[in-house]
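Computation of the quantities below employed the complete heavy-atom set of this structure, encompassing side-chain atoms and omitting hydrogens, waters and symmetry-equivalent molecules. Lettering follows sequence order; numbering is per chain, from 1.
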Amino acid sequence: MSKGQSGLGKSTLVNTLFKSQVSRKASSWNREEKIPKTVEIKAIGHVIEEGGVKMKLTVIDTPGFGDQINNENCWEPIEKYINEQYEKFLKEEVNIARKKRIPDTRVHCCLYFISPTGHSLRPLDLEFMKHLSKVVNIIPVIAKADTMTLEEKSEFKQRVRKELEVNGIEFYPQKEFDEDLEDKTENDKIRQESMPFAVVGSDKEYQVNGKRVLGRKTPWGIIEVENLNHCEFALLRDFVIRTHLQDLKEVTHNIHYETYRAKRLNDNGGLPPGEGLLGSVLPPVPATPCPTAE
Amino acid sequence: SYTPAPLFAALNFLSHQRKWAQDKEYVGFAALPNQLHRKSVKKGFDFTLMVAGESGLGKSTLINSLFLTNLYEDRQVPEASARLTQTLTIERRGVEIEEGGIKVKLTLVDTPGFGDSVDCSDCWLPVVRFIEEQFEQYLRDESGLNRKNIQDSRVHCCLYFISPFGRGLRPLDVAFLRAVHEKVNIIPVIGKADALMPKETQALKQKIRDQLREEEINIYQFPECDSDEDEDFKRQDAEMKESIPFAVVGSCEVVRDGGNRPMRGRRYSWGTVEVENPHHCDFLNLRRMLVQTHLQDLKEVTHDVLYEGYRARCLQSLARPGARDRASRSKLSRQSATEIPLPMLPLAETEKLIREKDEELRRMQEMLEKMQAQMQQSQAPGEQSDAL
């Protein structure tokens with residue numbers, strides 16, 4: 001799921017991450033395009049394949065978030081959507097005749113796009129992350145980072161990290177879920193130095209030093225998306241796809257989903273949500289193991 | 001060393017006309033512009049510039065770049081949690097700049113907190129109120145008895161910053177611009193324009209222009225250049241107008257370009273943006289149009305159009321017969337204070353002001369009587385009472 005005000009390059013970035021047109025980009029500068037009056041949730045599914053491994057990827061966009069004059073509670077539709085997916089999974093789980101593989105529509109990762117103001121987080125950013133970090137894995141990302149010099153980037157990141165800490169916001173990878181020392185060391189480095197990743201996305205290619213690279217061409221130079229001297233896109237991609245994809249799913253299933261399930265069972269007097277008499281007669285359902293990657 | 005280009009020296013445009021005055025074959029009134037010029041140079045030049053737009057768009061850096069100042073050096077930007085309940089404040093900063101013998105008293109009006117909160121409803125109202133208060137003050141002063149030293153604190157221009165990260169004007173931008181466009185000259189700019197590639201800049205500018213038209217927002221219209229200007233100048237003028245909204249980049253850092261010339265810029269790993277390079281951004285255009293050529297026109301439009309509009313609305317709202325008539329305005333100011341319709345709402349304030357003016361008038365009359373009495377006593381003929 002990608003979140004943030006419109007125009008922060010969310011669609012372009014997601015497309016760049018998965019090297020395909022998986023995010024529906026409103027055609028650039030469409031004259032008829034209007035900012036939606038309420039936050040919309042748009043989910044699009046794709047099947048992408050690499051090296052014989054197929055992945056069913058669902059990208060959820062939230063146009064309209066943070067665009068209005070009054071953005072109070074604009075995160076509520078999103079929280080609702082996420083909880084609805086947990087509810088769907090829970091209902092499947094408690095079924096008598098269960099599917100062998102429960103279709104998993106739960107949100108495994110939420111990329112939150114921070115505007116590169118250079119000052120600090122915006123009040124809306126804080127509010128959103130405070131509410132949502134309790135229900136979904138949030139990976140904060142600094143959007144359109146090509147407007148910051150190296151110094152500005154470093155200072156901004158430090159300030160953002162500090163603000164998140166002071167406000168008790170735990171972004172993924174959360175400290176409390178580090179499984180062992182190896183995890184902790186690796187994740188500590190990412191948490192304290194690299195994140196939030198300052199990224200630039202592009203779907204255009206240019207010729208640089210004899211190679212075709214994804215980038216942005218300006219009168220003062222070409223910004224190369226996959227050049228670590230220019231931005232941290234490659235770090236984000238490796239982190240989300242190459243090293244932590246499975247972990248994102250596991251934390252979602254073992255932590256966030258379990259929290260939701262426990263709350264639902266408690267609300268229901270320790271019983272699973274069900275229809276009629278049958279639901280109140282059955283014993284509580286044990287948790288299912290985490291579905292492995294396909 | 002880095003020597004910045006002169007800004008206000010362009011106000012000195014009449015120097016070439018000095019020759020006329022010395023030529024014996026002419027009566028000499030061609031020297032009149034010269035006299036006006038000298039007087040205005042002596043008087044100095046006041047200008048109030050408002051800067052508005054959400055935080056993080058490079059406003060302060062741009063102002064510092066435009067006027068080669070460090071006005072925002074000690075500024076502290078509060079953290080997000082502090083800004084959760086922050087209300088909009090209006091800050092004023094003054095700076096005196098002297099250049100080529102011309103003194104400029106520049107007042108900058110800032111609106112920290114604008115567009116920051118989660119709920120920004122009506123956040124533009126304090127700004128509108130501020131602009132109107134300056135008009136009110138001027139109207140009061142203009143209608144007063146002692147008009148020698150009227151301070152003009154009216155806002156002559158508002159630079160409105162639009163985000164380069166959006167898809168054009170956002171609802172908040174539209175709301176703000178609609179609230180102030182009949183009260184202040186608006187010059188829209190796109191901040192941090194180095195976020196955009198050239199095609200993106202063009203598309204964004206077009207989108208903004210279309211939206212301004214659709215929402216019927218009146219921005220400041222740079223006047224037509226005179227028909228007797230040369231073609232080059234006309235072309236340059238047209239190009240500048242077409243580049244509105246200006247896509248700007250500011251910087252207080254000096255970098256060196258390829259030829260080792262020092263200039264203001266932003267250095268990235270992939271290249272350096274030069275603030276004064278017309279291929280990189282519209283900074284030069286903005287500086288030229290705002291400071292070098294249109295400073296006076298902005299003041300005139302503020303006075304002749306925007307202020308007059310405010311004044312007319314005020315006086316009309318008092319529904320006094322003949323109050324609208326411009327000719328009767330001068331007549332009104334010579335009448336006693338009680339009859340001057342001071343158009344201020346709420347009514348209680350107006351009455352209070354009338355009472356104050358009454359008091360003032362009475363005191364002055366007393367003083368005059370006292371002096372006249374003294375004169376008669378001392379019997380000093382030919383002595384003029386110049387007390388008032």
Output the option from [options] having the highest count of non-hydrogen pairs under 4.5 Å with chain B.
options	result
A:Met148, A:Glu224, A:Lys144, A:Arg216	A:Arg216
A:Gly66, A:Gly9, A:Ala145, A:Pro116	A:Pro116
A:Thr117, A:Asn73, A:Leu150	A:Thr117
A:Cys74, A:Gly221, A:Pro219	A:Pro219

By a 4.5 Å heavy-atom criterion (distance strictly below it), what part of [X] contacts chain A: side chain, backbone, both, or neither?
X	answer
B:Ser121	both
B:Ala175	side chain
B:Gln211	neither

Just checking, is any N or O donor in the side chain of [X] or [Y] under 3.5 Å from an acceptor N or O on the other one?
X	Y	result
B:Ser269	A:Asn229	no
B:Gln206	B:Asp210	yes
A:Thr62	A:Lys3	yes
A:Asp203	A:Asn15	no
B:Ser243	B:Asn285	yes

[X] versus chain B, heavy atoms under 4.5 Å apart: side chain, backbone, both or neither?
X	result
A:Ile222	backbone
A:Asp146	both
A:Glu72	both

* Asked: Salt bridge or not for B:Arg266 and A:Glu152, using N-O below 4.0 Å?
  ->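 Yes, charged N to carboxylate O under 4.0 Å.
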
* For each of B:Val273, B:Asp173, B:Leu172, tally heavy-atom pairs with chain A at distances under 4.5 Å, and name the one with the top tally. =>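 When all of B:Val273, B:Asp173, B:Leu172 are compared, B:Val273 has the most.
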
* To do: Just do the salt bridge (charged side-chain N to carboxylate O under 4.0 Å, His left out) check on B:Arg209 and B:Glu214 with the steps written out, would you?
  => CA-CA 9 Å; B:Arg209 283 195 286 256; B:Glu214 276 162 27; over 6 Å; no

* Rounded distance [0.5 Å steps], CZ in A:Phe171 versus CD1 in A:Ile138 -> 10.5 Å

